[in-house]
2 protein chains.
Amino acid sequence: MSKKVSIVDIANTLNISKTTVSFILNGRAQEKRISEELVERVQKLVKEVGYKPNSLAKSLRTGKSNIIGLMVEDISNPFFASIARLIENRAYENGYRIIYCSTDNDTERTRELISMFRDRHVDGYIISPPEGIEEDVKELLGSGQPVVMFDRYLQDIDTDHVIVDNAFSMYNATQHLVQQGYRNIALITFSSAQSQMMDRVTGYKNALKDAKLKPLLKEIDFNRNEALITEPLMAFLKKNTGIDAILFGTDHIGTCGLKVIRQLGLKVPEDVAVVSFDDYDVFKLHSPPVSAIAQPIEALADHVISLMLKKLDANATPTTQKITLSTNLNIRESSLQHSKAVAE
Amino acid sequence: MSKKVSIVDIANTLNISKTTVSFILNGRAQEKRISEELVERVQKLVKEVGYKPNSLAKSLRTGKSNIIGLMVEDISNPFFASIARLIENRAYENGYRIIYCSTDNDTERTRELISMFRDRHVDGYIISPPEGIEEDVKELLGSGQPVVMFDRYLQDIDTDHVIVDNAFSMYNATQHLVQQGYRNIALITFSSAQSQMMDRVTGYKNALKDAKLKPLLKEIDFNRNEALITEPLMAFLKKNTGIDAILFGTDHIGTCGLKVIRQLGLKVPEDVAVVSFDDYDVFKLHSPPVSAIAQPIEALADHVISLMLKKLDANATPTTQKITLSTNLNIRESSLQHSKAVAE
DNA sequence: GTGAAAGCGCTAACAG
DNA sequence: CTGTTAGCGCTTTCAC
């Protein structure tokens, strides 16, 4: 109805060839030594009729789309939502658009999504990969597609990635609890073979080993249904009454944990101290405020998109970079030793 | 490298024409009376070489993409993130993919995004529209594009939309505060000419008028930078010390509000009662738990995607539906009158 | 029953 | 400096 103007139309109206128009529109007028005057006439008409090149046809021809596919684990998770947002903005500023999707940590679905992105000729893939997706990523890499992973990485694959120092972060947080005098420190997290989770568990175990304390690890299956998280959590806490401090492996499980703690009527930190991975409003606003390991969200997003833009830049020398950022342990009342507790 | 197989390749390998292959692949073999045997040979080969039609070329030809564009105000906002997630899943189940983007309530950006979606030949548009986008939406509608709005709608445009009963919800929440004995009830919200905001303000004002109380409205400019929200908020609360109850217009402003209240050392609900629009973990976990107007997120998402699918179905009779859902006022301690306060 | 050929809108050799 | 032409990979009319 309105979107009918094509490059041919404007060429015809001006009685020139569409090639010329194409050159002008793609800024190659100088190079092709097209007369200033013609250039202006074309640009004027383009404005007038509101001509917009059909990017689908363009992509079909060039193989480029200026679109980057972003696959997060779950867009409704604050950590991923914030990162996605920042990446989207940075990409936008650089002339790229972002398409996001949630993988749900589902390998099959991720596979389909990758295939959809591929069909759509996205120029690059930013992925927080689920387990079991190695082969597909290898194939992507094999056909020269730019791939950047974040939050976690795949062991056997040599790709760019940006992650945080999960092991050290968790070591540090655990040590903090030890220093505050806690002795029965549990780690509650999602059962997962993903690198970030494994590293967090490792950090926790090492810290306890160094302190000559016994680890108490509870792994819960990931599920979108909150009740299926809170129930086992509740059972665990009821059973292990000796626990005096809990580390939560992610923001989501931390949130669920706080709900359970509240239901059980436990006092924080008097009955049980709490530290969670990831930091967000829920923890800051909680009473008492909850100590949390804050990931550097802005820096993460920045590095991810910079890496991608670099890979997308044909002139840049192809290298693969692995970036590890450090986190920040925000200590709040929830993990202070009771006797030393102070108002924030 | 691996994605090189085209319909021509498979036609050549089998020494038949690409037309035939196309027919078979699109399930028109019967109709075209192509021999069973040929059909099978083609399908076998397709499997073997892992041929996947290039959907870009397909879209270019057919104008269909099986992709729905979803534009939310801000994906990092829990309300929009949850809805996006639900819509994505429902679409996925129905063979559609979702591309999301954040508009940031920026008209110019939204315009670009719409244009990108259009270029990409998305089949439908789901939009939480910013102000000033009327013309663009009209144009979309004019060229027969399916559009469904949610969360708010544009006054002068007749499109399908699904919203909640903002005016009544806010009326109801205000009335609740009145009944609890509060007399100086402020509404703090984003300054916006969007329908949902205007309706919320209307509901608030009407309730106070009915109760013969004076409204106290504070509108804050929307900004992604949190400090630019908390500062004016802080100033407002410091100045108007008579306030005994506050309604917050959205989850985001509610969260900021709680931070400010905490900074000021005000007790909830003793010093000031609180009710917020939107309900999520921050409010549930807050001490005391914060009363909130919960939007029916699942139902919203369901209706939005159903409406869209119906519009996408060529056989369905074109109608425009306006759906208004009701909210749920979850009363918690933050808005109980001090003297009556009870543990939840 | 099957194939040739014309495009969808665009880019880029290659000629002039 | 500008135009001709050949595709990108697919669908679809129209002939055979």
Side-chain angles (χ1 to χ4, degrees), chain A residues 1-42 46 49-67 115 118-123 314, chain B residues 1-42 46 49-66 115-116 118-123 143:
Chain A
M1 189 130 202
S2 61
K3 202 48 173 295
K4 286 259 161 110
V5 223
S6 91
I7 196 168
V8 184
D9 298 326
I10 100 116
N12 286 344
T13 326
L14 257 36
N15 276 321
I16 55 177
S17 113
K18 57 178 181 170
T19 314
T20 314
V21 181
S22 172
F23 282 148
I24 295 177
L25 262 32
N26 292 313
R28 302 177 57 185
Q30 290 240 323
E31 176 190 335
K32 295 292 174 182
R33 299 211 244 153
I34 296 171
S35 70
E36 285 265 327
E37 181 258 335
L38 220 196
V39 172
E40 269 169 32
R41 271 171 57 212
V42 169
V46 163
V49 301
Y51 164 74
K52 287 264 192 165
N54 177 323
S55 62
L56 211 56
K58 197 166 172 169
S59 296
L60 183 57
R61 186 63 235 264
T62 60
K64 281 219 51 170
S65 63
N66 278 307
I67 294 186
S115 153
R118 195 153 196 183
D119 284 358
R120 292 275 126 197
H121 286 203
V122 302
D123 294 342
Chain B
M1 190 133 202
S2 62
K3 201 49 172 297
K4 287 258 161 110
V5 224
S6 93
I7 196 168
V8 184
D9 299 323
I10 102 116
N12 286 344
T13 327
L14 258 35
N15 278 317
I16 55 176
S17 109
K18 57 176 181 172
T19 314
T20 314
V21 180
S22 172
F23 282 150
I24 294 177
L25 261 31
N26 292 311
R28 303 177 56 186
Q30 289 241 323
E31 178 191 330
K32 296 293 175 181
R33 298 211 244 155
I34 295 171
S35 70
E36 286 263 325
E37 182 256 337
L38 219 199
V39 172
E40 269 171 31
R41 271 171 56 213
V42 169
V46 163
V49 300
Y51 164 74
K52 286 262 193 164
N54 177 323
S55 61
L56 213 55
K58 198 166 170 169
S59 296
L60 182 58
R61 188 63 234 266
T62 61
K64 280 218 53 170
S65 64
N66 277 305
S115 153
M116 150 178 155
R118 193 154 198 183
D119 283 357
R120 294 273 128 196
H121 285 204
V122 303
D123 294 342
S143 49

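We use all heavy atoms of the structure for the numbers below, so side chains are in, but hydrogens, waters and symmetry mates are not. On a predicted model such as this, the values are computed, not experimentally measured, just so you know. So you know, we letter chains A, B, ... as the sequences are listed, proteins then strands, and number each from 1.
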Could I get the full list of side-chain contact (heavy atoms from CB on, under 4.5 Å) partners for B:Ser17, not counting sequence neighbours?
->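 By the side-chain contact (heavy atoms from CB on, under 4.5 Å) rule, B:Ser17 matches B:Thr19, B:Thr20.
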Take B:Arg61 and A:Ser17, find for each the nucleotide of DNA chain C with the closest heavy atom, and name the residue whose nucleotide sits nearer the 5' end.
->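 It is B:Arg61 whose nearest nucleotide is closer to the 5' end.
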Looking at B:Gly63 and B:Asp123, what are the two nearest heavy atoms and their distance?
->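 In this case the closest contact between B:Gly63 and B:Asp123 is O-OD1, 4.0 Å.
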So, for B:Ile7 and B:Lys18, which heavy atoms are closest and what is the spacing to 0.1 Å?
->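 Smallest interatomic distance, heavy atoms only, reads CD1-O, 3.8 Å.
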Not counting sequence neighbours, which residues clear salt bridge (Lys or Arg N to Asp or Glu O under 4.0 Å) with [X]? List them please.
{"X": "B:Glu36", "value": "none"}
{"X": "B:Arg61", "value": "none"}
{"X": "A:Lys32", "value": "none"}

Who pairs with A:Asn66 by side chain to side chain donor-acceptor pair (under 3.5 Å), at least two apart in sequence or on another chain?
->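 In terms of side chain to side chain donor-acceptor pair (under 3.5 Å), with neighbours along the sequence ignored, A:Asn66 is linked to no residue.
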Hey, which of these two, A:Lys18 or A:Phe23, hits DNA chain D nearer its 5' end, going by closest nucleotide?
->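 First, find each residue's nearest nucleotide; the 5'-ward one identifies A:Phe23.
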If you find the nucleotide of DNA chain D closest to B:Thr62 and the one closest to A:Thr62, which residue's nucleotide is nearer the 5' end?
->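 In this pair, the answer is A:Thr62.
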For C:dG3, take OP1 and OP2 only and decide whether either is under 4.0 Å from a side-chain N or O of B:Thr20.
->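 For B:Thr20, the contact criterion (side-chain N or O under 4.0 Å from OP1 or OP2 of C:dG3) is met.
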Please report, rounded to the nearest Å, how far the [atom2] atom of [N] is from the [atom1] atom of [X].
{"X": "A:Asn12", "N": "D:dT4", "atom1": "CG", "atom2": "P", "answer": "11 Å"}
{"X": "A:Ile10", "N": "D:dG3", "atom1": "CD1", "atom2": "P", "answer": "12 Å"}
{"X": "A:Leu56", "N": "D:dC10", "atom1": "CG", "atom2": "P", "answer": "13 Å"}
{"X": "A:Lys64", "N": "C:dA12", "atom1": "NZ", "atom2": "C1'", "answer": "17 Å"}
{"X": "B:Leu60", "N": "D:dG9", "atom1": "CG", "atom2": "P", "answer": "12 Å"}
{"X": "B:Ile7", "N": "D:dG9", "atom1": "CD1", "atom2": "C1'", "answer": "8 Å"}

Just call it for B:Ile16: base, sugar-phosphate, or nothing, with non-hydrogen atoms closer than 4.0 Å on any strand.
->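 Since only primed, P, OP1 and OP2 atoms lie under 4.0 Å of B:Ile16, the category is sugar-phosphate.
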Proximal nucleotide (of D:dT13, D:dG9, C:dA13) relative to the A:Thr19 side chain =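 Output: C:dA13.
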For residues 24-38 of chain B, which residues have at least one heavy atom under 4.0 Å from DNA chain D?
->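 DNA chain D contact set from residues 24-38 of chain B: B:Asn26, B:Arg28.
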